[in-house]
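What you see is a predicted model; the values in this text were computed from it and never measured.
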Amino acid sequence: MSTSKVTSDLLRGNTDTMILRLLTEADRYGYEIVKLIAERSQGEYELKEATMYSSVRRLEADGDITWYWGDESQGGRRKYFKITEKGRATYTHNKTTWEYAKRVLDTLL
């Protein structure tokens with residue numbers, strides 16, 4: 001890992017928010033979420049599948065997402081995750097909290 005890559009410790013507390021952000025755009029399946037996070041971070045952050053699945057289980061238990069089986073038109077059936085209205089509110093709250101923390105850190109660092 002290069003020194004310019006973001007450590008997972010720095011981002012770990014924001015995994016749920018990253019996933020919710022992607023789900024505000026469209027329903028997505030697990031591997032797609034992992035792949036998009038790697039792509040959008042330009043390879044600087046890789047979300048491990050186990051971490052992603054722990055996060056979606058937590059989000060589902062909290063009522064922030066639901067899931068459904070997709071059709072089999074492109075191979076095996078995929079489990080798609082869908083954000084709920086509660087999840088949209090959670091995303092907005094988490095993003096506001098992140099922006100506040102970022103302002104404080106920018107001031108302190």
Side-chain angles (χ1 to χ4, degrees):
M1 182 164 95
S2 79
T3 56
S4 65
K5 282 197 175 188
V6 177
T7 66
S8 59
D9 288 343
L10 183 62
L11 296 178
R12 185 171 293 124
N14 296 291
T15 301
D16 291 0
T17 306
M18 286 184 251
I19 291 170
L20 290 172
R21 167 66 174 93
L22 291 175
L23 295 177
T24 64
E25 299 170 358
D27 298 355
R28 303 196 187 275
Y29 58 93
Y31 178 71
E32 182 181 19
I33 291 169
V34 170
K35 189 171 119 181
L36 281 170
I37 287 174
E39 285 174 7
R40 291 188 183 183
S41 71
Q42 298 176 344
E44 293 293 323
Y45 180 65
E46 292 181 24
L47 179 63
K48 304 251 187 280
E49 281 189 53
T51 303
M52 188 273 308
Y53 282 112
S54 292
S55 185
V56 296
R57 280 192 298 273
R58 184 173 46 254
L59 290 166
E60 182 183 12
D62 291 345
D64 292 320
I65 65 170
T66 60
W67 64 271
Y68 61 91
W69 289 110
D71 63 28
E72 298 177 30
S73 63
Q74 296 182 349
R77 282 177 51 169
R78 293 180 175 147
K79 188 179 201 178
Y80 282 84
F81 301 101
K82 177 182 180 73
I83 194 168
T84 64
E85 285 306 311
K86 181 183 179 300
R88 289 181 189 282
T90 298
Y91 168 72
T92 300
H93 172 77
N94 291 356
K95 188 164 188 296
T96 300
T97 301
W98 165 256
E99 289 166 349
Y100 172 75
K102 184 180 178 306
R103 278 194 312 274
V104 171
L105 287 170
D106 284 345
T107 302
L108 294 173
L109 303 178

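- By the 4.0 Å N-to-carboxylate-O rule, R40 lies close enough to E25 to be salt-bridged with it.
- The number of heavy-atom neighbours closer than 6.0 Å to CD of Q42, taken from other residues, nucleotides and ligands shown, is 12 or below.
- Side-chain contact check for L20 versus D64: some heavy-atom pair is nearer than 4.5 Å.
- The neighbour count for Y100 OH, taken as heavy atoms of other residues, nucleotides or ligands under 6.0 Å away, does not exceed 12.
- At a threshold of 4.5 Å between non-hydrogen side-chain atoms, the residues F81 and L59 do not count as touching.
- Counting all heavy atoms, side chain and backbone alike, V34 lies closest to E49 at CG2-CG, 3.9 Å.
- Of all heavy-atom pairs spanning I33 and M52, the tightest one is CG2-CG, 3.9 Å.
- No donor-acceptor distance shorter than 3.5 angstrom exists from the side chain of T17 to the backbone of Y91, with no hydrogens or angles considered.
- Note that CD of E46 is 11.0 Å distant from CD1 of I37, once rounded to the nearest 0.5 Å.
- Put simply, the side chain of E44 never gets that close to the backbone of S41: no donor and acceptor are under 3.5 Å apart.
- Note that the CD atom of E85 and the OG1 atom of T90 stand 11.0 Å from one another [nearest 0.5 Å].
- Taken to the nearest 0.5 Å, the OH atom of Y29 stands 15.5 Å off from the CZ atom of R77.
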Checking side-chain contact (heavy atoms from CB on, under 4.5 Å) for the pair R28/Y80: CA distance, chi angles, key distance, verdict? CA-CA 5 Å; R28 303 196 187 275; Y80 282 84; 5.5 Å; no
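- Within the 4.5 Å cutoff, the side chain of W69 has no heavy atoms near those of the R78 side chain.
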What's the verdict on side-chain contact (heavy atoms from CB on, under 4.5 Å) for N94 and N14, showing C-alpha distance, side-chain angles and the deciding distance? CA-CA 8 Å; N94 291 356; N14 296 291; over 6 Å; no
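- Residue I65 comes nearest to V56 through the heavy atom pair CD1-O, 3.5 Å, listed as atom of the first residue, atom of the second, then distance.
- To the nearest 0.5 Å, atom CG of residue D27 and atom OG1 of residue T66 are 7.5 Å apart.
- Taking 4.5 Å as the limit, every side-chain heavy atom of M18 sits out of range of all side-chain heavy atoms of L22.
- Applying the side-chain contact (heavy atoms from CB on, under 4.5 Å) rule to K48 yields the partners T51; only residues at least two apart in sequence or on another chain are considered.
- For residues 98-108, the salt bridge (charged side-chain N to carboxylate O under 4.0 Å, His left out) pairs, not counting sequence neighbours, are K95-E99, K102-D106.
- Checked against side chain to side chain donor-acceptor pair (under 3.5 Å), D16 has the following partners two or more places apart in sequence or in another chain: S55, R58.
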